[in-house]
Amino acid sequence: MESCIIKSPLGYTKIEGDENGITSIIVLNSEENETDIIPESLEDCVQQLNEYFEGSRKNFDLILNPDGTDFQKNVWKALQGIPFGKTITYLELSKQLGDVKAIRAVANANGKNPIWIIIPCHRIIGSDGSLTGYAGGLYRKQWLLEHESPFKQGSLF
């Protein structure tokens, strides 16, 4: 398993993976040293994340290899189907997965997503439209949703 640390607008980000795909992308809550030489197996991921943060990438084209249960992997796959700039609720996601009663299990799997941004768990909101729990912090979730929003707030002054 190879890893690297890059700096993003939301903090230092650790990426892990190998020739079988990306296994983990997490945002760190501390300053870290950026990796000087990015492992070849992670270069595409770093480039695509940088393009996302620059605003020139809306979709990712990477091999993902997250570790999880079959149920979690199904939830994470469904999350990848949420279009850039859109949000859905936990209830809607549960319905898409065929079991409205699984809403808590879906929320739990969403919270255990090991691949930040690329598996877009930030696009899930509460039924009342609120920004609900987010492992990276609600301020990061809000930033990501505003970054993806087709409606940009301009400065008045």
Side-chain angles (χ1 to χ4, degrees), residues 1-90 92-93 96-97 106-126 131-155:
M1 189 67 53
E2 297 181 295
S3 68
C4 67
I5 295 177
I6 62 169
K7 190 172 182 182
S8 79
L10 294 173
Y12 290 89
T13 302
K14 184 175 185 178
I15 304 167
E16 295 181 316
D18 56 27
E19 66 278 350
N20 296 315
I22 302 301
T23 58
S24 173
I25 300 174
I26 57 171
V27 64
L28 305 170
N29 289 318
S30 62
E31 279 197 32
E32 301 288 335
N33 291 325
E34 289 181 71
T35 303
D36 292 329
I37 299 173
I38 305 297
E40 187 176 338
S41 63
L42 305 178
E43 287 176 348
D44 283 346
C45 183
V46 170
Q47 178 182 343
Q48 289 186 34
L49 281 172
N50 286 333
E51 291 168 354
Y52 169 85
F53 284 119
E54 291 165 359
S56 62
R57 177 171 290 277
K58 295 182 179 183
N59 298 299
F60 293 93
D61 180 25
L62 298 165
I63 298 170
L64 304 182
N65 190 18
D67 186 33
T69 66
D70 288 343
F71 180 79
Q72 289 170 330
K73 289 178 182 181
N74 284 337
V75 171
W76 300 335
K77 187 167 183 67
L79 288 170
Q80 292 175 72
I82 303 169
F84 182 93
K86 303 289 183 189
T87 58
I88 66 170
T89 66
Y90 289 103
E92 290 171 306
L93 184 57
Q96 282 182 15
L97 291 165
V106 166
N108 190 315
N110 192 57
K112 294 192 184 313
N113 170 20
I115 302 181
W116 184 56
I117 296 177
I118 295 172
I119 298 177
C121 57
H122 60 277
R123 295 178 187 155
I124 304 295
I125 59 173
L131 299 184
T132 56
Y134 187 66
L138 289 180
Y139 73 97
R140 286 186 178 118
K141 182 173 188 165
Q142 182 173 353
W143 189 97
L144 291 167
L145 292 175
E146 288 174 0
H147 177 68
E148 294 182 2
S149 174
F151 308 104
K152 304 293 183 201
Q153 178 67 42
S155 174

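Predicted model only: the values in this text are computed from it and were never measured. Any value given below was found using the heavy atoms of this structure, including those in side chains, with hydrogens, waters and symmetry copies removed.
- Residues satisfying the side-chain hydrogen bond (donor to acceptor under 3.5 Å, both in side chains) test with S56, not counting sequence neighbours, are none.
- Checking side-chain atoms of Q72 against main-chain N and O of T69 turns up a donor-acceptor pair under 3.5 Å.
- Using a 4.5 Å cut-off on side-chain heavy atoms (C-beta onward), P114 and W76 make contact.
- Residues K14 and E16 have side chains in contact (heavy-atom distance under 4.5 Å, counting atoms from C-beta outward).
- A pairwise comparison of heavy atoms in H147 and Y52 identifies NE2-O, 2.7 Å as the closest pair.
- Rounding to the nearest 0.5 angstrom, the gap separating the CD1 atom in I119 from the CG atom in L79 is 7.5 Å.
- Side chain to side chain, Q96 and E92 fail the donor-acceptor criterion of an N or O pair below 3.5 Å.
- The nearest pair of heavy atoms linking L28 to R140 is O-NH2, 3.5 Å.
- At least one side-chain heavy atom of L131 sits under 4.5 Å from a side-chain heavy atom of L145.
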From CA spacing to verdict: salt bridge (Lys or Arg N to Asp or Glu O under 4.0 Å), R123, E148: CA-CA 10 Å; R123 295 178 187 155; E148 294 182 2; 2.8 Å; yes
Table please: side-chain donor-acceptor pairs of residues 58-67 below 3.5 Å, with sequence neighbours left out.
none

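- For the pair T13 and S8, the tightest heavy-atom approach, listed with the atom from each and the gap, is OG1-OG, 3.4 Å.
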For residues 32-46, which side-chain N or O atoms pair as donor and acceptor with protein atoms under 3.5 Å away, sequence neighbours left out?
residue, atom, partner, partner atom, Å
E32, OE2, S30, OG, 2.8
T35, OG1, I5, N, 2.6
S41, OG, E2, OE1, 2.5

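- Rounding to the nearest 0.5 angstrom, the gap separating the OG1 atom in T132 from the CD1 atom in I124 is 8.5 Å.
- Closest heavy-atom contact between T23 and I115: O-CG1, 3.8 Å.
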L49 vs I118, side chain to side chain contact (heavy atoms under 4.5 Å, CB included): CA-CA, chis, key distance, verdict: CA-CA 8 Å; L49 281 172; I118 295 172; 4.3 Å; yes
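- Of the possible donor and acceptor atoms, none in the side chain of K112 sits under 3.5 Å from a partner among the backbone N and O of G68.
- Annotation for T89 and G126: closest pair CG2-O, 3.6 Å, computed over non-hydrogen atoms.
- In this structure, the separation between CG on N108 and OH on Y90 is 10.0 Å, given to the nearest 0.5 Å.
- In this structure, CD on Q47 lies 11.5 Å from CD1 on I6, to the nearest 0.5 angstrom.
- Of the inter-residue distances, the one linking F53 atom CZ with I117 atom CD1 reads 3.5 Å to the nearest 0.5 angstrom.
- W116 and L144 make their closest contact through NE1-CD1, 4.0 Å (heavy atoms, listed as atom of the first residue, atom of the second, distance).
- Taking CG of N113 as the start and CD of Q80 as the end, the distance is 8.5 Å to the nearest 0.5 Å.
- Side-chain polar atoms of Q142 and H122 form no donor-acceptor pair below 3.5 angstrom.
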